[in-house]
Amino acid sequence: MAVGDCERAFQEAAMQDGVKLNRYKLPWINQQGHFGLPARAGAAKLLLHEIFLALGGDAAEQAGKRSIALPGDLIHEPTRTVIEVDESQHFTSFRLKTLEMYPADYLEGMNLAEYRELCLLWAARSDGYRRTKPAVAFGLGGRQRQRAYYDALRDLALPAMGYPSIIRVPEFDGDGQAAYWRNRDRIRAALEQNAAVAGPT
């Protein structure tokens, strides 16, 4: 399966259900990570710095990156609700470390307990995905730590910047259509709630 196929299939299923989702980039979700966040991100920047250091990140290298926006999966633009479809490579021991540093009640759009359990289940396999691939600020073999960090960046920065909590959808079969329909009810409920909060556009 080519990169992005799962997300495209998810997007197509949502469209069939009357929910228009678009691919997205946000200028403050960029290669610099928390160093590129505006000051109003506040407490999220502090927690992200702790997470970054816990993952063994090099602050000088991370801050020295260019402020190029990171491509995300999908966004429902009327409510500014971001949806990320997480395949198996996202469920690592490094991701588990980030989740264990979150406040217990921080996120509404993902089940922290479920995600921790999935990390425990998949880490032995997923930790080996691109094990030797280097990543700037995380060194040789740092690709998985970088992915965990950037996942945390989206989780924590979005609500800090006034966006709704991120919706994360675990998907292990590469079937984006099935992933949408399995999660349809909670996605639509979240979009309705976020629309009510946002008010008329």
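Note that the structure is a prediction, hence the values are computed from the model and not measured.
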From Asp5 atom CG to Phe10 atom CZ, the distance as rounded to the nearest 0.5 Å:
15.0 Å
So, the side chain of Arg23 versus the backbone of Asp73: is there a donor-acceptor pair under 3.5 Å, distance only?
yes
Looking at residues at least two apart in the chain, or sitting in another chain, which of them share a side chain to side chain donor-acceptor pair (under 3.5 Å) with Asp185?
none
Taking NZ, NE, NH1 and NH2 as the nitrogens, is one of them in Glu77 or Lys20 under 4.0 Å from a carboxylate oxygen of the other?
no
Hey, any chance Leu118 and Leu120 share a hydrophobic cluster, counting ILVMFWY side chains that come within less than 4.5 Å of each other, even indirectly?
no
Here the gap from Asp127 atom CG to Trp122 atom CH2, rounded to the nearest 0.5 Å, amounts to 12.5 Å
Is the backbone N or O of Ser126 less than 3.5 Å from a side-chain atom of Gln144, with the two atoms forming a donor-acceptor pair by type?
yes
Specify the closest pair of heavy atoms between Pro27 and Ala69, including all atoms of both residues, with the distance to one decimal.
CA-CB, 4.3 Å
Residues that Arg80 engages under salt bridge (charged side-chain N to carboxylate O under 4.0 Å, His left out), provided they are two or more places apart:
none
If you compare all heavy atoms of Pro71 against all heavy atoms of Arg154, which two are closest, and at what distance to 0.1 Å?
O-NH2, 2.9 Å
Separation of Trp181 CH2 from Gln16 CD (nearest 0.5 Å)
6.5 Å
Partner set under side chain to side chain contact (heavy atoms under 4.5 Å, CB included) for Asp86, not counting sequence neighbours:
Glu84, His90, Phe91, Tyr115, Arg168
Let's go through Phe138 and Gln62 carefully: what are the C-alpha distance in whole Å and the side-chain angles of both, what is the deciding distance for side-chain contact (heavy atoms from CB on, under 4.5 Å) to 0.1 Å, and is it a yes or a no?
CA-CA 9 Å; Phe138 292 94; Gln62 187 70 32; 4.0 Å; yes
Minimal non-hydrogen separation, Ile83 against Ile187, with atom names
CD1-CG2, 4.0 Å
Pairing residues for Tyr150 by the ring pair (Phe, Tyr, Trp, His ring centres under 6.0 Å) criterion, not counting sequence neighbours
none
Just jot down the salt bridge (charged side-chain N to carboxylate O under 4.0 Å, His left out) partners of Asp17, sequence neighbours excluded, or say none.
Arg184, Arg188
Contacts under 3.5 angstrom, residues 31-48 side chains, donor-acceptor by atom type, not counting sequence neighbours:
unit_1: Gln32; atom_1: NE2; unit_2: Ala63; atom_2: O; d: 3.4
unit_1: Gln32; atom_1: NE2; unit_2: Lys65; atom_2: O; d: 2.9
unit_1: His34; atom_1: ND1; unit_2: Tyr149; atom_2: OH; d: 2.5
unit_1: His34; atom_1: NE2; unit_2: His49; atom_2: ND1; d: 2.9
unit_1: Lys45; atom_1: NZ; unit_2: Leu37; atom_2: O; d: 3.1

Run the side chain to side chain contact (heavy atoms under 4.5 Å, CB included) test against Glu192 and tell me which residues pass, sequence neighbours left out.
none
Side-chain heavy atoms under 4.5 angstrom apart, residues restricted to Ile, Leu, Val, Met, Phe, Trp, Tyr: same cluster for Tyr102 and Leu53?
yes
Is there a donor-acceptor contact under 3.5 Å from the side chain of Arg145 to the main chain of Leu55?
yes
State, to 0.1 Å, how close Cys119 and Leu99 come at their nearest heavy-atom pair, and which atoms those are.
SG-CD1, 4.1 Å
Ala157 to Trp28 - nearest heavy-atom pair and separation
O-CZ3, 4.1 Å
With sequence neighbours left out, what residues match Arg95 under salt bridge (charged side-chain N to carboxylate O under 4.0 Å, His left out)?
Asp151, Asp155
Going by side-chain heavy atoms closer than 4.5 Å, which hydrophobic residues are tied to Tyr129, directly or by a chain of links?
none
One should read off an interatomic distance between Cys6 SG and Asp173 CG, to the nearest 0.5 angstrom, of 9.0 Å
With sequence neighbours excluded, what pairs up with Met101 under the side chain to side chain contact (heavy atoms under 4.5 Å, CB included) test?
Glu50, Ile51, Ala54
Under the salt bridge (charged side-chain N to carboxylate O under 4.0 Å, His left out) test, which residues partner Arg116, sequence neighbours left out?
none
To the nearest 0.5 Å, tell me how far Glu7 CD sits from Glu12 CD.
11.5 Å
Does any pair with a residue in residues 55-79 pass ring-ring contact (aromatic ring centres under 6.0 Å, His included), and if so which ones, sequence neighbours excluded?
none
If two hydrophobic side chains count as joined below 4.5 Å and joins carry through other members, does Leu156 share a cluster with Leu96?
no
Could you see if Leu153 belongs to whatever hydrophobic cluster contains Ile68? Use Ile, Leu, Val, Met, Phe, Trp, Tyr and a side-chain cutoff under 4.5 Å.
no
Take Arg8 and Gln11 through the side chain to side chain donor-acceptor pair (under 3.5 Å) test and state the conclusion after the steps.
CA-CA 5 Å; Arg8 279 188 288 274; Gln11 183 181 22; over 6 Å; no
Any chance you could lay out the salt bridge (charged side-chain N to carboxylate O under 4.0 Å, His left out) test for Glu171 and Arg182, step after step, and finish with the verdict?
CA-CA 10 Å; Glu171 171 49 46; Arg182 278 198 305 272; 2.4 Å; yes
Transitively linked via ILVMFWY side-chain contacts under 4.5 Å: Val85 with Met15?
no
In this structure, CG of Asn30 is separated from CG of Leu26 (nearest 0.5 Å) by 10.0 Å
Please test Ile167 against Thr81 for side-chain contact (heavy atoms from CB on, under 4.5 Å), starting from the C-alpha separation and ending with a verdict.
CA-CA 8 Å; Ile167 297 175; Thr81 304; 3.7 Å; yes
